[in-house]
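Before any comments, here is the structure.
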Amino acid sequence: MTAAAVPADSDFPRAGAGAPLRGLLPAELAAWVTAAGGPAYRAEQIFRWLHGQAVETADQMVNVPPALRQALAEAHPLRPLTTDLVQTARDGTRKLRWRTHDGRAIESVLIPDEDEERNRLTLCVSSQVGCALDCRFCATATLGFGRHLGADEIVEQIYRATALAGRRPTNLVFMGMGEPLHNYDNLTRALALLEHPWGAAFSPRRITVSTAGLVSGIDKLAAAKSVAGQGSSSNVAISLNATTDEVRDRIMPINKRWPIAALLEAARRFPLSHGRRVTFEYVMLGGVNDSDADADRLPGLLRGIPSKVNLIPWNGFAGPEFVRPPAERIRSFQERLRAASVAVYIRSPRGDDIDAACGQLAARTLEGSQRPPATDSAAQSAAPSTRSAAAAGGLATIRVGPWPPTTS
Ligand code: SAH
(Lines give C-alpha, C1' and ligand atoms only; values in the text may rest on other atoms or scores of the structure.)
Protein backbone atom coordinates (compact mmCIF):
# COMPACT_ATOMS: atom_id res chain seq x y z
CA MET A 1 0.00 0.00 0.00
CA THR A 2 1.04 3.60 -0.28
CA ALA A 3 1.25 5.94 2.65
CA ALA A 4 -1.45 8.08 1.10
CA ALA A 5 -3.87 5.22 1.78
CA VAL A 6 -3.34 5.40 5.55
CA PRO A 7 -6.82 5.63 7.13
CA ALA A 8 -8.03 8.59 9.14
CA ASP A 9 -6.58 9.39 12.52
CA SER A 10 -9.03 7.87 14.90
CA ASP A 11 -12.33 6.08 15.10
CA PHE A 12 -12.59 6.19 18.88
CA PRO A 13 -15.99 7.42 19.97
CA ARG A 14 -15.64 10.84 21.54
CA ALA A 15 -16.42 11.33 25.16
CA GLY A 16 -20.11 11.60 24.41
CA ALA A 17 -22.79 9.01 25.06
CA GLY A 18 -21.58 5.45 24.73
CA ALA A 19 -17.86 6.26 24.92
CA PRO A 20 -16.00 3.46 26.69
CA LEU A 21 -15.82 4.13 30.42
CA ARG A 22 -12.12 3.41 30.90
CA GLY A 23 -11.24 5.86 28.14
CA LEU A 24 -12.80 8.90 29.87
CA LEU A 25 -10.56 11.66 31.19
CA PRO A 26 -11.20 13.08 34.67
CA ALA A 27 -12.90 16.20 33.27
CA GLU A 28 -15.20 14.06 31.15
CA LEU A 29 -16.12 11.91 34.13
CA ALA A 30 -16.77 15.05 36.17
CA ALA A 31 -19.08 16.40 33.46
CA TRP A 32 -20.99 13.13 33.40
CA VAL A 33 -21.27 12.93 37.20
CA THR A 34 -22.52 16.50 37.43
CA ALA A 35 -25.06 15.97 34.66
CA ALA A 36 -26.24 12.85 36.51
CA GLY A 37 -26.83 14.97 39.60
CA GLY A 38 -23.90 13.66 41.64
CA PRO A 39 -21.25 15.68 43.48
CA ALA A 40 -18.11 16.40 41.43
CA TYR A 41 -15.82 14.50 43.82
CA ARG A 42 -17.35 11.24 42.61
CA ALA A 43 -15.35 11.66 39.40
CA GLU A 44 -12.12 11.23 41.35
CA GLN A 45 -13.48 8.15 43.10
CA ILE A 46 -14.59 6.61 39.84
CA PHE A 47 -11.30 7.42 38.10
CA ARG A 48 -9.35 5.86 40.97
CA TRP A 49 -11.39 2.67 40.70
CA LEU A 50 -10.90 2.48 36.94
CA HIS A 51 -7.21 3.36 36.75
CA GLY A 52 -5.78 2.89 40.24
CA GLN A 53 -7.62 -0.33 41.09
CA ALA A 54 -8.40 -1.44 37.53
CA VAL A 55 -11.84 -2.76 38.52
CA GLU A 56 -13.56 -4.94 35.96
CA THR A 57 -17.14 -3.87 36.68
CA ALA A 58 -18.79 -0.70 37.93
CA ASP A 59 -20.27 -2.77 40.77
CA GLN A 60 -16.83 -3.05 42.31
CA MET A 61 -16.79 0.72 42.98
CA VAL A 62 -18.07 0.17 46.50
CA ASN A 63 -17.93 3.77 47.70
CA VAL A 64 -20.03 5.00 44.77
CA PRO A 65 -23.83 4.83 45.35
CA PRO A 66 -25.39 1.86 43.51
CA ALA A 67 -27.77 4.05 41.48
CA LEU A 68 -24.90 6.15 40.16
CA ARG A 69 -22.83 3.05 39.39
CA GLN A 70 -25.70 1.60 37.44
CA ALA A 71 -26.33 4.79 35.50
CA LEU A 72 -22.62 4.98 34.74
CA ALA A 73 -22.48 1.40 33.46
CA GLU A 74 -25.47 2.10 31.24
CA ALA A 75 -24.06 5.34 29.85
CA HIS A 76 -20.48 4.21 29.35
CA PRO A 77 -19.73 0.52 28.82
CA LEU A 78 -16.57 -1.23 29.91
CA ARG A 79 -15.01 -3.16 27.07
CA PRO A 80 -12.81 -5.65 28.91
CA LEU A 81 -9.98 -7.51 27.29
CA THR A 82 -10.06 -11.22 28.00
CA THR A 83 -6.88 -13.19 28.48
CA ASP A 84 -6.51 -15.57 25.59
CA LEU A 85 -3.05 -16.99 26.04
CA VAL A 86 0.03 -16.50 28.18
CA GLN A 87 3.34 -17.91 27.02
CA THR A 88 6.61 -17.77 28.90
CA ALA A 89 9.88 -17.92 26.97
CA ARG A 90 13.11 -19.47 28.16
CA ASP A 91 14.49 -16.04 29.01
CA GLY A 92 11.45 -15.15 31.13
CA THR A 93 9.80 -12.93 28.54
CA ARG A 94 6.04 -13.42 28.56
CA LYS A 95 3.75 -12.94 25.62
CA LEU A 96 0.19 -12.06 26.57
CA ARG A 97 -2.54 -12.43 24.02
CA TRP A 98 -5.79 -10.61 24.63
CA ARG A 99 -9.10 -10.77 22.94
CA THR A 100 -11.07 -7.56 22.48
CA HIS A 101 -14.84 -7.28 23.03
CA ASP A 102 -15.31 -7.75 19.27
CA GLY A 103 -13.13 -10.86 19.13
CA ARG A 104 -9.90 -9.34 17.80
CA ALA A 105 -6.59 -10.72 19.02
CA ILE A 106 -3.85 -8.36 20.18
CA GLU A 107 -0.64 -8.95 22.08
CA SER A 108 1.51 -7.39 24.77
CA VAL A 109 4.93 -8.59 25.93
CA LEU A 110 6.37 -8.50 29.47
CA ILE A 111 10.15 -8.31 29.36
CA PRO A 112 12.12 -8.72 32.60
CA ASP A 113 15.54 -7.11 32.69
CA GLU A 114 18.44 -9.39 31.82
CA ASP A 115 20.23 -7.75 34.69
CA GLU A 116 18.15 -8.78 37.71
CA GLU A 117 19.85 -6.22 39.90
CA ARG A 118 18.19 -3.42 37.98
CA ASN A 119 14.85 -5.14 38.49
CA ARG A 120 13.36 -3.52 35.45
CA LEU A 121 10.19 -4.91 33.93
CA THR A 122 9.32 -3.52 30.53
CA LEU A 123 5.88 -3.90 29.04
CA CYS A 124 5.52 -3.66 25.28
CA VAL A 125 1.96 -2.73 24.29
CA SER A 126 -0.07 -2.68 21.09
CA SER A 127 -1.79 0.38 19.70
CA GLN A 128 -3.74 -1.19 16.81
CA VAL A 129 -5.15 -4.49 15.65
CA GLY A 130 -2.67 -5.26 12.86
CA CYS A 131 -0.97 -2.34 11.12
CA ALA A 132 -1.42 -0.32 7.94
CA LEU A 133 2.20 0.56 7.26
CA ASP A 134 3.37 -2.62 5.57
CA CYS A 135 7.01 -2.61 6.67
CA ARG A 136 8.45 -5.54 4.77
CA PHE A 137 10.41 -7.07 7.66
CA CYS A 138 7.61 -6.94 10.27
CA ALA A 139 5.27 -9.81 11.13
CA THR A 140 2.40 -7.54 12.21
CA ALA A 141 2.35 -6.06 8.69
CA THR A 142 1.29 -9.44 7.32
CA LEU A 143 -2.05 -9.03 9.11
CA GLY A 144 -2.93 -5.78 7.39
CA PHE A 145 -4.85 -3.09 9.24
CA GLY A 146 -7.67 -4.29 11.49
CA ARG A 147 -8.69 -1.25 13.54
CA HIS A 148 -7.40 1.28 16.01
CA LEU A 149 -7.43 0.33 19.67
CA GLY A 150 -9.40 2.64 21.94
CA ALA A 151 -7.58 4.38 24.79
CA ASP A 152 -9.44 2.03 27.14
CA GLU A 153 -8.04 -1.00 25.34
CA ILE A 154 -4.53 0.43 25.39
CA VAL A 155 -4.52 1.13 29.13
CA GLU A 156 -6.20 -2.14 29.95
CA GLN A 157 -3.25 -4.06 28.49
CA ILE A 158 -1.12 -2.38 31.11
CA TYR A 159 -3.49 -2.99 34.03
CA ARG A 160 -4.02 -6.64 33.13
CA ALA A 161 -0.34 -7.28 32.56
CA THR A 162 0.35 -5.71 35.96
CA ALA A 163 -2.10 -8.12 37.58
CA LEU A 164 -0.59 -11.09 35.74
CA ALA A 165 2.97 -10.14 36.60
CA GLY A 166 2.09 -9.39 40.20
CA ARG A 167 3.99 -6.11 39.88
CA ARG A 168 3.86 -2.90 37.94
CA PRO A 169 6.00 -2.62 34.85
CA THR A 170 8.75 -0.06 35.38
CA ASN A 171 8.82 0.90 31.69
CA LEU A 172 6.19 1.06 28.96
CA VAL A 173 7.06 0.90 25.28
CA PHE A 174 4.60 1.31 22.41
CA MET A 175 6.43 -1.20 20.25
CA GLY A 176 3.82 -3.92 20.02
CA MET A 177 1.34 -4.31 17.19
CA GLY A 178 0.48 -1.20 15.24
CA GLU A 179 1.74 2.31 14.60
CA PRO A 180 0.93 4.42 17.67
CA LEU A 181 1.05 7.77 15.85
CA HIS A 182 -1.42 6.52 13.26
CA ASN A 183 -3.80 6.18 16.23
CA TYR A 184 -2.78 9.56 17.63
CA ASP A 185 -5.96 10.56 19.50
CA ASN A 186 -6.30 7.28 21.36
CA LEU A 187 -2.57 7.11 22.04
CA THR A 188 -2.42 10.57 23.61
CA ARG A 189 -5.61 9.93 25.54
CA ALA A 190 -4.09 6.69 26.89
CA LEU A 191 -0.93 8.55 27.90
CA ALA A 192 -2.98 11.14 29.78
CA LEU A 193 -4.86 8.37 31.61
CA LEU A 194 -1.70 6.44 32.46
CA GLU A 195 0.15 9.50 33.72
CA HIS A 196 -2.69 10.89 35.84
CA PRO A 197 -1.88 10.97 39.57
CA TRP A 198 -5.29 9.49 40.46
CA GLY A 199 -4.52 6.43 38.39
CA ALA A 200 -1.41 4.44 37.63
CA ALA A 201 0.65 7.66 37.71
CA PHE A 202 3.31 6.50 35.28
CA SER A 203 6.16 8.90 34.79
CA PRO A 204 6.35 9.97 31.13
CA ARG A 205 10.10 9.44 31.38
CA ARG A 206 9.34 5.73 31.67
CA ILE A 207 7.17 5.67 28.58
CA THR A 208 8.46 5.41 25.00
CA VAL A 209 6.35 5.89 21.90
CA SER A 210 7.92 4.21 18.88
CA THR A 211 7.05 5.33 15.37
CA ALA A 212 7.87 4.13 11.88
CA GLY A 213 8.21 7.80 10.98
CA LEU A 214 4.83 9.54 10.74
CA VAL A 215 6.16 13.07 10.60
CA SER A 216 2.72 14.65 11.04
CA GLY A 217 2.28 12.66 14.25
CA ILE A 218 5.74 13.51 15.57
CA ASP A 219 5.02 17.20 14.98
CA LYS A 220 1.64 16.92 16.69
CA LEU A 221 3.24 15.29 19.72
CA ALA A 222 5.80 18.08 19.77
CA ALA A 223 3.15 20.79 19.55
CA ALA A 224 1.08 19.22 22.34
CA LYS A 225 4.17 18.93 24.51
CA SER A 226 5.02 22.59 24.14
CA VAL A 227 1.70 23.63 25.73
CA ALA A 228 2.51 23.75 29.44
CA GLY A 229 0.55 21.24 31.48
CA GLN A 230 -0.74 19.48 28.39
CA GLY A 231 0.62 16.72 26.25
CA SER A 232 2.87 13.98 27.44
CA SER A 233 6.61 14.31 27.71
CA SER A 234 7.14 10.64 27.03
CA ASN A 235 10.17 9.53 25.05
CA VAL A 236 10.14 9.09 21.31
CA ALA A 237 11.78 6.29 19.36
CA ILE A 238 12.06 6.43 15.59
CA SER A 239 12.46 3.27 13.53
CA LEU A 240 15.01 4.48 11.01
CA ASN A 241 16.19 1.13 9.67
CA ALA A 242 18.07 2.48 6.64
CA THR A 243 20.51 5.23 5.68
CA THR A 244 19.34 5.85 2.10
CA ASP A 245 15.88 6.59 0.73
CA GLU A 246 16.41 3.95 -1.89
CA VAL A 247 16.63 1.20 0.74
CA ARG A 248 14.10 2.74 3.13
CA ASP A 249 11.53 3.14 0.34
CA ARG A 250 11.91 -0.55 -0.31
CA ILE A 251 11.54 -1.82 3.27
CA MET A 252 9.25 0.88 4.74
CA PRO A 253 6.66 2.27 2.29
CA ILE A 254 5.94 5.16 4.67
CA ASN A 255 9.31 6.56 3.52
CA LYS A 256 7.74 7.50 0.20
CA ARG A 257 5.49 9.90 2.07
CA TRP A 258 8.11 11.15 4.53
CA PRO A 259 11.65 10.43 3.36
CA ILE A 260 14.66 10.29 5.63
CA ALA A 261 15.48 14.01 5.44
CA ALA A 262 11.91 15.02 6.41
CA LEU A 263 11.88 12.49 9.23
CA LEU A 264 15.19 13.65 10.66
CA GLU A 265 14.09 17.28 10.42
CA ALA A 266 11.09 16.36 12.57
CA ALA A 267 13.43 14.64 15.04
CA ARG A 268 15.59 17.76 15.07
CA ARG A 269 12.55 19.95 15.80
CA PHE A 270 11.28 17.69 18.56
CA PRO A 271 11.52 19.42 21.96
CA LEU A 272 13.59 17.36 24.40
CA SER A 273 13.67 17.86 28.14
CA HIS A 274 17.06 18.21 29.75
CA GLY A 275 19.18 15.10 29.31
CA ARG A 276 16.65 13.31 27.10
CA ARG A 277 17.47 11.79 23.73
CA VAL A 278 15.62 10.49 20.71
CA THR A 279 16.10 6.76 20.28
CA PHE A 280 16.69 5.53 16.75
CA GLU A 281 15.82 1.90 16.18
CA TYR A 282 17.75 0.16 13.43
CA VAL A 283 16.65 -3.36 12.48
CA MET A 284 19.68 -5.14 11.07
CA LEU A 285 18.88 -6.87 7.79
CA GLY A 286 21.74 -8.83 6.27
CA GLY A 287 22.90 -7.47 2.91
CA VAL A 288 20.22 -4.76 3.00
CA ASN A 289 21.20 -2.10 5.53
CA ASP A 290 24.22 -3.52 7.39
CA SER A 291 27.18 -2.43 5.26
CA ASP A 292 30.18 -0.38 6.34
CA ALA A 293 28.87 2.36 4.06
CA ASP A 294 25.59 2.39 6.04
CA ALA A 295 27.51 2.59 9.31
CA ASP A 296 29.55 5.47 7.89
CA ARG A 297 26.49 7.41 6.67
CA LEU A 298 24.51 7.13 9.90
CA PRO A 299 26.49 9.54 12.15
CA GLY A 300 26.12 12.31 9.55
CA LEU A 301 22.37 11.79 9.39
CA LEU A 302 22.01 12.01 13.17
CA ARG A 303 24.27 15.04 13.60
CA GLY A 304 22.69 17.67 15.81
CA ILE A 305 20.08 15.34 17.28
CA PRO A 306 20.67 14.25 20.88
CA SER A 307 20.19 10.57 20.24
CA LYS A 308 21.10 6.98 20.79
CA VAL A 309 20.87 4.08 18.39
CA ASN A 310 19.52 0.62 19.16
CA LEU A 311 20.60 -2.04 16.71
CA ILE A 312 17.95 -4.78 16.59
CA PRO A 313 19.06 -8.03 14.95
CA TRP A 314 16.20 -8.98 12.63
CA ASN A 315 13.83 -11.52 14.17
CA GLY A 316 12.67 -14.00 11.60
CA PHE A 317 9.23 -15.35 10.85
CA ALA A 318 7.84 -17.34 7.98
CA GLY A 319 7.58 -15.36 4.77
CA PRO A 320 9.97 -12.55 3.94
CA GLU A 321 13.38 -13.18 2.52
CA PHE A 322 15.52 -11.37 5.01
CA VAL A 323 18.37 -12.76 7.06
CA ARG A 324 19.80 -11.68 10.35
CA PRO A 325 23.40 -10.56 9.81
CA PRO A 326 26.10 -12.63 11.54
CA ALA A 327 26.90 -11.45 15.09
CA GLU A 328 30.33 -10.34 13.87
CA ARG A 329 28.79 -8.01 11.27
CA ILE A 330 26.49 -6.45 13.86
CA ARG A 331 29.40 -5.90 16.21
CA SER A 332 31.58 -4.28 13.59
CA PHE A 333 28.65 -2.07 12.53
CA GLN A 334 28.39 -1.01 16.17
CA GLU A 335 32.15 -0.44 16.39
CA ARG A 336 32.14 1.86 13.36
CA LEU A 337 29.35 3.91 14.93
CA ARG A 338 31.15 3.99 18.26
CA ALA A 339 34.28 5.23 16.57
CA ALA A 340 32.17 8.13 15.26
CA SER A 341 30.99 8.87 18.83
CA VAL A 342 27.45 7.56 18.35
CA ALA A 343 25.84 6.06 21.49
CA VAL A 344 24.90 2.68 20.10
CA TYR A 345 23.62 -0.50 21.71
CA ILE A 346 22.78 -3.96 20.41
CA ARG A 347 19.38 -5.14 21.55
CA SER A 348 19.39 -8.83 22.32
CA PRO A 349 16.32 -10.64 21.00
CA ARG A 350 13.99 -11.44 23.88
CA GLY A 351 11.31 -14.08 23.81
CA ASP A 352 12.09 -15.13 20.25
CA ASP A 353 11.30 -18.81 21.02
CA ILE A 354 7.66 -17.82 21.55
CA ASP A 355 7.53 -15.24 18.76
CA ALA A 356 7.48 -12.41 21.27
CA ALA A 357 10.59 -10.61 20.05
CA CYS A 358 10.54 -7.25 18.25
CA GLY A 359 8.40 -7.36 15.15
CA GLN A 360 7.16 -10.91 15.67
CA LEU A 361 3.73 -10.05 17.03
CA ALA A 362 1.07 -11.27 14.62
CA ALA A 363 -1.78 -12.81 16.59
CA ARG A 364 -4.49 -13.91 14.26
CA THR A 365 -8.14 -14.16 15.13
CA LEU A 366 -9.11 -17.74 14.61
CA GLU A 367 -12.79 -17.85 13.88
CA GLY A 368 -14.61 -20.43 15.99
CA SER A 369 -11.40 -21.69 17.47
CA GLN A 370 -9.17 -20.90 20.40
CA ARG A 371 -6.18 -22.56 18.82
CA PRO A 372 -2.93 -20.66 18.89
CA PRO A 373 -1.31 -19.96 15.51
CA ALA A 374 0.09 -22.95 13.70
CA THR A 375 3.57 -21.45 13.58
CA ASP A 376 3.87 -21.60 17.33
CA SER A 377 5.31 -24.98 18.23
CA ALA A 378 5.27 -24.42 21.99
CA ALA A 379 1.64 -23.48 21.87
CA GLN A 380 0.78 -26.36 19.60
CA SER A 381 2.07 -28.98 21.94
CA ALA A 382 -0.08 -27.55 24.73
CA ALA A 383 -3.08 -26.85 22.57
CA PRO A 384 -5.57 -29.30 24.15
CA SER A 385 -5.31 -27.84 27.65
CA THR A 386 -5.27 -24.35 26.18
CA ARG A 387 -8.48 -24.94 24.40
CA SER A 388 -10.37 -26.22 27.42
CA ALA A 389 -9.06 -23.50 29.73
CA ALA A 390 -9.84 -20.76 27.24
CA ALA A 391 -13.25 -22.22 26.45
CA ALA A 392 -14.08 -22.19 30.14
CA GLY A 393 -13.15 -18.51 30.18
CA GLY A 394 -10.12 -19.33 32.29
CA LEU A 395 -6.53 -18.37 31.89
CA ALA A 396 -4.54 -20.50 29.50
CA THR A 397 -0.96 -20.61 30.62
CA ILE A 398 1.80 -22.28 28.72
CA ARG A 399 5.11 -22.37 30.43
CA VAL A 400 8.12 -22.88 28.25
CA GLY A 401 10.53 -21.77 30.92
CA PRO A 402 10.59 -20.81 34.59
CA TRP A 403 8.96 -17.66 35.93
CA PRO A 404 10.41 -15.60 37.44
CA PRO A 405 13.36 -16.29 35.18
CA THR A 406 16.54 -17.74 36.57
CA THR A 407 19.84 -16.45 35.34
CA SER A 408 22.06 -19.01 33.77
N1 SAH B 1 5.11 0.99 14.39
C2 SAH B 1 6.04 1.33 15.40
C3 SAH B 1 6.03 0.39 16.60
C4 SAH B 1 5.97 -1.08 16.32
S5 SAH B 1 7.42 -1.86 15.66
C6 SAH B 1 7.46 1.45 14.82
O7 SAH B 1 7.63 1.16 13.65
O8 SAH B 1 8.35 1.87 15.52
C9 SAH B 1 8.59 -1.78 16.97
C10 SAH B 1 10.04 -1.96 16.51
O11 SAH B 1 10.25 -3.29 16.03
C12 SAH B 1 10.43 -1.03 15.37
O13 SAH B 1 11.69 -0.46 15.65
C14 SAH B 1 10.56 -1.97 14.18
O15 SAH B 1 11.48 -1.48 13.23
C16 SAH B 1 11.02 -3.24 14.84
N17 SAH B 1 10.76 -4.47 14.09
C18 SAH B 1 9.69 -4.75 13.33
N19 SAH B 1 9.78 -5.99 12.82
C20 SAH B 1 10.95 -6.51 13.29
C21 SAH B 1 11.60 -7.79 13.14
N22 SAH B 1 11.05 -8.76 12.45
N23 SAH B 1 12.77 -7.96 13.78
C24 SAH B 1 13.32 -7.00 14.54
N25 SAH B 1 12.74 -5.80 14.73
C26 SAH B 1 11.57 -5.55 14.10
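None of the values given here were measured: they were computed from a predicted structure. Whatever order the structure lists ligands and atoms in, that order sets their numbers, starting from 1.
- Of the candidates Gly178, Ala141, Gly316, the one placing a heavy atom closest to atom 3 (C) of ligand 1 is Gly178.
- For atom 16 (C) of ligand 1, the nearest protein heavy atom (residue, atom name, distance) is Val283 CG2, 3.7 Å.
- Ligand 1 has no nitrogen or oxygen under 3.5 angstrom from a nitrogen or oxygen of Glu281.
- Judged by distance alone, the side chains of Glu179 and Ser127 never bring a donor and an acceptor atom under 3.5 Å apart.
- In this structure, Tyr282 falls outside the shell of residues with a heavy atom less than 4.0 angstrom from ligand 1.
- Given atom 21 (C) of ligand 1, the protein heavy atom at minimum distance is Cys358 O, 3.2 Å.
- Between the side chains of Ser291 and Asp294, a donor-acceptor pair is found at a separation under 3.5 Å.
- Under the 30°/60° scheme for interplanar angles, the aromatic rings of Phe47 and Trp198 are found to stand perpendicular.
- Using a 4.0 Å cut-off between heavy atoms, Thr211 contacts ligand 1 through its backbone alone, with no side-chain atom that close.
- Considering CG of Leu214 and NZ of Lys220, their distance stands at 10.0 Å, rounded to 0.5 Å.
- Looking only at heavy atoms of the protein, atom 10 (C) of ligand 1 is closest to Ser239 OG, 4.4 Å.
- Side-chain contact check for Gln45 and Arg42: at least one donor-acceptor pair (N or O, by modelled atom type) lies under 3.5 Å.
- Between Phe174 and ligand 1, a contact under 3.5 Å exists for no N or O pair.
- At a heavy-atom distance under 4.0 Å, atoms from both the backbone and the side chain of Glu179 approach ligand 1.
- Donor-acceptor pairing under 3.5 Å is lacking for the side chains of Ser239 and Asn241.
- Here atom 18 (C) of ligand 1 lies nearest to Gly359 when heavy atoms of Cys124, Gly176, Gly359 are compared.
- What sits closest to atom 9 (C) of ligand 1 on the protein, heavy atoms only, is Met175 O, 3.6 Å.
- A donor and an acceptor atom, one from each side chain of Arg277 and Asn235, are nowhere located under 3.5 Å apart.
- Inclusion of Phe137 in the set of residues having an N or O under 3.5 Å from an N or O of ligand 1 is warranted.
- Geometrically, ligand 1 and Asn315 share a nitrogen or oxygen pair separated by less than 3.5 Å.
- A donor and an acceptor atom, one from each side chain of Glu114 and Ser348, are located under 3.5 Å apart.
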